[in-house]
Amino acid sequence: MRKIVVLNQKGGVGKTTTAANLGACLAALGKAVLMVDVDPQANLSLHFGLEPQRGEPSLYGLIRGEHGPSEVIRSTVVGGLKIVPANIDLAGLSVELSGRPDRLFALRKAMAGLTDGFDYILMDSPPSLGLLTVNAMCAAREVFIPLQTEFFALQGVGKLVRTVRLVQANANRALRITGVIACMHDARTCLAQEILDDIRQHFGPRVFKTVVRKNIRLAEAPGFGLPITHYDETCHGAEDYRALADEVVAMDAAFLQSSIAMERASVAPRHIAG
């Protein structure tokens, strides 16, 4: 199983769009996919027409032990694609966890009962580098970073990479940045191409070959509670996310080999309880 957190501390860069549509396209390839909405804004949940009210089964209740895995996993319109939704209750979790010695690992522990039978777990993180985001990094093995091909694309990425390395060094040695996704690309402008070249130079082979083009249909689909493949399967957005899913699946064998090697060489994390 591959556990992937889609991560960027900036908002509006295509993070939730990528989590939702990559998950749908992986499921269309016959993969069993679980999406976990770790953002109190619950945009991933809303993308699939889910809006749990306060007190209803959600990720918050799972972490607190109020609801079990069978209660929080919800089906979607896509066969093979399920989701653990979020709601606004999640906003207060950082305060509740702040005094616990295992505060960085609450999500990982809660997800222990969710993982059976899935090929992929995709986590959509908040647009920040707070405790919820760190929890998602501690529960994942891979980080996918969506970046717009616009002027501020690489602004703040250094801080993001340093945070990933800090979590890797002290809490989750299996964590790796394995994919960078160029999003919202407007091929008509020279600036977009220059920024894309900068992204590829900065991250090298970790940048996916697929470039997700700017497409209004991607922005419209959440309003109908649908992934792009169910809203308009012929548009550029659907084409691009299907191509991205093909690339992600092509990584499976290499990821399995590297995971086995890391597990054999692994040493328990130091300094942080959990």
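Just so you know, residue 1 is the first one in the sequence shown, and it goes up from there.
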Note, Thr133 side chain near Val38 side chain (heavy atom, < 4.5 Å):
no
Is it possible for you to say whether Val211 and Leu154 belong to one hydrophobic cluster, with membership spreading through side-chain heavy-atom contacts below 4.5 Å?
no
Contact between Val72 and Leu114 at the side-chain level, heavy atoms closer than 4.5 Å - yes or no?
yes
Could you note down all residue pairs passing ring pair (Phe, Tyr, Trp, His ring centres under 6.0 Å) where residues 153-206 supplies at least one of them, sequence neighbours left out?
none
Side chains of Cys183 and Val13: closer than 4.5 Å at any heavy-atom pair?
no
Which residue pairs pass the salt bridge (Lys or Arg N to Asp or Glu O under 4.0 Å) test with at least one member in residues 220-234, sequence neighbours excluded?
Arg217-Glu220, Arg217-Asp232
Is the closest side-chain heavy-atom distance between Pro146 and Val6 below 4.5 Å?
yes
Is there a side-chain contact between Val248 and Arg2 (heavy atoms, below 4.5 Å)?
yes
Any non-hydrogen side-chain atom of Leu107 less than 4.5 Å from a side-chain atom of Cys138?
no
I'd like to know if Glu247 and Lys209 make a salt bridge, using a cut-off of under 4.0 Å between side-chain N and carboxylate O.
no
Between Gln193 and Asp197, do the side chains contain a donor N or O and an acceptor N or O under 3.5 Å apart?
yes
Closest non-hydrogen contact found for His230 with Val78 is CE1-CG2, 3.6 Å
Minimum heavy-atom distance between Ala86 and Ser45, given as atom pair plus value:
N-OG, 3.0 Å
Quick one: does any side-chain atom of Thr149 pair with a main-chain N or O of Ile195 as donor and acceptor, under 3.5 Å?
no
Hey, could you give me the CD1/CZ distance between Ile199 and Arg206, rounded to the nearest 0.5 Å?
13.0 Å
Count I, L, V, M, F, W, Y as connected when their side-chain heavy atoms are under 4.5 Å apart, and connections chain through other members. Are Leu147 and Met184 then in the same cluster?
no
Might you point out which heavy atoms bring Cys25 and Arg242 nearest each other, and give the distance in Å?
SG-N, 3.6 Å
Could you state the interatomic distance from CD (Glu56) to CG (Asp89), rounded to the nearest 0.5 Å?
10.0 Å
Is there side-chain contact between Glu51 and Leu46, with at least one heavy-atom pair below 4.5 Å?
yes
Look at the side chain of Arg103 and the backbone N and O of Leu131, then say whether any donor-acceptor pair between them is shorter than 3.5 Å.
no
Using atom types as modelled and distance alone, determine if a side-chain donor or acceptor of Asp124 lies under 3.5 Å from a backbone N or O of Asp37.
no
Could you tell me whether the side chain of Asn135 and the main chain of Ala106 form a donor-acceptor pair under 3.5 Å?
yes
Does a sphere of radius 6.0 Å around CZ in Arg100 hold more than 12 heavy atoms from other residues, nucleotides or ligands, not counting ones at 6.0 Å or beyond?
yes
Is a side-chain donor or acceptor of Lys10 paired with a backbone partner of Phe152 at a separation under 3.5 angstrom?
yes
Stepwise, does the side-chain contact (heavy atoms from CB on, under 4.5 Å) test hold for Met251 with Glu142?
CA-CA 12 Å; Met251 296 168 62; Glu142 298 180 73; 4.1 Å; yes
Could you tell me which residues satisfy side-chain contact (heavy atoms from CB on, under 4.5 Å) with Thr17, sequence neighbours excluded, listed by chain and number?
Asn21, Leu218, Tyr241
Got a donor-acceptor contact below 3.5 angstrom from the Lys15 side chain to the Ser125 backbone?
yes
Is it the case that the side chain of Asp186 and the backbone of Lys214 share a donor-acceptor pair, with hydrogens and angles ignored and the cut-off at 3.5 Å?
no
Taking all heavy atoms of Thr76 and all of Leu81, pick out the closest pair and write down the distance.
OG1-O, 2.8 Å
